[in-house]
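In what follows, chains carry the letters A, B, and so on, assigned in the order in which the sequence lines appear, proteins first and then strands, with residues in each chain numbered from 1.
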Protein chains: 2
Amino acid sequence: MREFMRITKALADDNRVRVLLALKAGELCVCQISELCGLAPSTISKHLSILYQAGLIESRKEERWVFYRLPSKEATIAIREAIDWVQKSLGGTPQAAEDRKKLKQILKVDPTTICQRQLRR
Amino acid sequence: MREFMRITKALADDNRVRVLLALKAGELCVCQISELCGLAPSTISKHLSILYQAGLIESRKEERWVFYRLPSKEATIAIREAIDWVQKSLGGTPQAAEDRKKLKQILKVDPTTICQRQLRR
DNA sequence: ACTATATTTCGTCGAATGCCGAAATGTCAA
DNA sequence: TTGACATTTCGGCATTCGACGAAATATAGT
C-alpha cells in the first residue's frame, strides 16, 4: 500500500508525468529535462527524486551528468502497469507531441551547452 | 491530459483509493464509506466528489441516500485501466483485506443506524 | 407545511506541495 | 589542490490539500 501510494502521488503532478513520457524515447540528464519543462534544475532534481523513490525511474551517473531512464523489465508489476498506463493514456495527446518536438531540438545540442544556457538566467 | 491528471490526483490519496477498493464489492452510500474510513461525512463527501469528477465513480440517488459505485463498462480506457491497476496492485494487501472485513460488519446493519451512530459524536 | 434525516457546501486551520535561489556536494580537468 | 561545472540539498514563500464543524440543501414521512 505504502509503495503503491508513492507511485500515485508521484504521478499526481503534470511535470513528473511529462518526464515519464519524455523518457520513453531514451535516457535524459537533469539539465535536458529542466530545459524541456522550463523549470529550475533544483526543482527538476526534486521531481526526479520523487519519481525515483516511487520506482518509476532509474538513474546512471556519467562524469558530471546523471542520466535518468525508465525502469528495466524487472520492475514491479505495479510499476510497469503504471508506466504503460501513462504512455497509453497520454502518448497521443497534443502535450506529448509538443514535448517530443521540443525534445528533438534539445537533443541536437550537447548537455554542456544547455547547462551553460541555464546559468545565464 | 487535463482529464488524465484529474485521475492521478484523485488516486493520490489513501482514503480515496480505499474507497475504490471497497466499491469493488458493490455500491455504498456516504455514511457507510464514512464509517469504513473513520472520517466525517463531509470529508467523505468531498473525497467522493473528487473521485466523481475524475470519472472514477458513478452515483445514484435513492430516497435520502446517495449510492456510489464503480463506473460501468462504457467508461474511458484510461478510467478502466486505472481501476484495474488499483485492484490488481492492492486487492491482495492486508489493508484491503482488513477493509473488506470491516465492510462486512458495516453491511450487516442498515444505513440509517450508521448515520444515527455518526450523529452521537 | 413542518420535521427528521442524508448529503453537500462553506469557512477555517494546520500540513504538505511546488517553486525558486543559494549553498553544499560530488566529479573531472588542469 | 584548485577551479569549473552538474546535480542535490536547504531555506523560504505562496498555494493547495485534507480535515473538521456549522450551515445549507434535498428528500421522506407526519
Side-chain angles (χ1 to χ4, degrees), chain A residues 2 5-19 27-54 57-69 106 109-121, chain B residues 5-6 8-19 27-54 57-69 106 109-121:
Chain A
R2 180 89 45 89
M5 293 313 301
R6 259 201 293 270
I7 300 175
T8 62
K9 285 176 205 293
L11 294 180
D13 177 87
D14 303 59
N15 289 307
R16 288 196 291 266
V17 168
R18 284 175 73 192
V19 170
E27 63 180 16
L28 294 171
C29 75
V30 178
C31 66
Q32 291 171 323
I33 298 171
S34 167
E35 187 74 10
L36 175 68
C37 293
L39 294 174
S42 64
T43 303
I44 291 298
S45 180
K46 179 65 177 161
H47 280 313
L48 290 170
S49 117
I50 290 169
L51 288 169
Y52 183 85
Q53 286 175 344
I57 56 175
E58 296 175 348
S59 71
R60 174 179 75 85
K61 216 170 221 172
E62 181 180 318
E63 304 186 343
R64 282 187 278 264
W65 293 279
V66 180
F67 287 91
Y68 287 90
R69 60 173 183 275
I106 292 172
V109 296
D110 70 314
T112 309
T113 317
I114 293 173
C115 280
Q116 287 173 351
R117 207 182 293 165
Q118 283 166 357
L119 279 179
R120 278 188 224 112
R121 293 176 194 155
Chain B
M5 292 313 300
R6 260 202 294 269
T8 62
K9 285 177 205 293
L11 294 180
D13 177 87
D14 303 61
N15 289 308
R16 288 196 290 265
V17 169
R18 284 175 73 193
V19 171
E27 64 179 16
L28 294 170
C29 76
V30 179
C31 66
Q32 291 170 323
I33 298 171
S34 167
E35 188 74 9
L36 176 67
C37 293
L39 294 173
S42 64
T43 303
I44 290 298
S45 180
K46 177 68 178 162
H47 280 312
L48 290 170
S49 116
I50 289 169
L51 287 170
Y52 183 85
Q53 286 176 343
I57 55 175
E58 295 175 347
S59 72
R60 175 179 74 86
K61 216 170 221 174
E62 180 181 318
E63 303 187 344
R64 281 189 278 266
W65 294 279
V66 180
F67 287 91
Y68 287 90
R69 61 172 184 275
I106 292 172
V109 297
D110 70 314
T112 309
T113 317
I114 292 173
C115 280
Q116 288 173 351
R117 206 183 295 164
Q118 284 166 355
L119 278 178
R120 278 188 224 113
R121 293 174 194 158

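- Rounded to an integer number of Å, the gap from A:H47 NE2 to C:dC20 C1' is 12 Å.
- Scored by the side chain to side chain donor-acceptor pair (under 3.5 Å) test, B:N15 finds B:R18 as partners (sequence neighbours excluded).
- Here C:dC19 presents its C1' atom at 10 Å from CG of A:N15, a figure rounded to the nearest Å.
- The distance from atom CH2 of A:W65 to atom C1' of D:dT7 is 12 Å, rounded to the nearest whole Å.
- Between A:K9 and A:A40, the residue anchored closer to the 5' end of DNA chain C is A:K9, taking for each the nucleotide with the nearest heavy atom.
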Strictly under 4.0 angstrom, non-hydrogen atoms only: write out the protein contact profile of nucleotides 25-30 of chain D, one letter per nucleotide from the 5' end, B, S or -.
-SSS--

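- Under the 3.5 Å distance criterion, the side-chain polar atoms of B:T8 are matched with a main-chain donor or acceptor of A:L11.
- Taking atom CD of residue A:E35 and atom C1' of nucleotide D:dT7, one finds them 16 Å apart after rounding to whole Å.
- For B:E63, the side chain to side chain donor-acceptor pair (under 3.5 Å) criterion is met by no residue, not counting sequence neighbours.
- Rounding to whole angstrom units, CD1 of residue B:I33 and C1' of C:dA6 are separated by 13 Å.
- Put simply, CZ on A:F67 is 14 Å from C1' on C:dT27, counting in whole angstrom units.
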Would you list the protein and nucleotides 8-11 of chain C atom pairs, both N or O, that sit under 3.5 Å from each other?
{"residue": "C:dT8", "atom": "OP1", "partner": "B:Y68", "partner atom": "OH", "Å": "2.5"}
{"residue": "C:dT8", "atom": "OP2", "partner": "B:S45", "partner atom": "OG", "Å": "2.7"}
{"residue": "C:dT8", "atom": "O5'", "partner": "B:S45", "partner atom": "OG", "Å": "3.2"}

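- Considering all non-hydrogen atoms of both residues, A:P41 and A:V30 come closest at O-CG1, 4.1 Å.
- Between the OH atom of A:Y52 and the P atom of D:dT8 there is a distance of 11 Å, given to the nearest Å.
- Taking each heavy atom of B:D14 and A:M5 in turn, the nearest pair found is N-CE, 3.5 Å.
- Among residues at least two apart or in separate chains, side-chain hydrogen bond (donor to acceptor under 3.5 Å, both in side chains) pairs with a member in residues 39-48 of chain B are B:R16-B:H47.
- Between the CD atom of B:Q32 and the C1' atom of C:dA6 there is a distance of 12 Å, given to the nearest Å.
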Show your working on side-chain contact (heavy atoms from CB on, under 4.5 Å) between A:E27 and A:I57 and close with a plain yes or no.
CA-CA 10 Å; A:E27 63 180 16; A:I57 56 175; over 6 Å; no

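- In this structure a side-chain-to-backbone donor-acceptor pair under 3.5 Å is present from A:S34 to A:L39.
- Residues satisfying the side chain to side chain donor-acceptor pair (under 3.5 Å) test with A:R69, not counting sequence neighbours, are A:E58.
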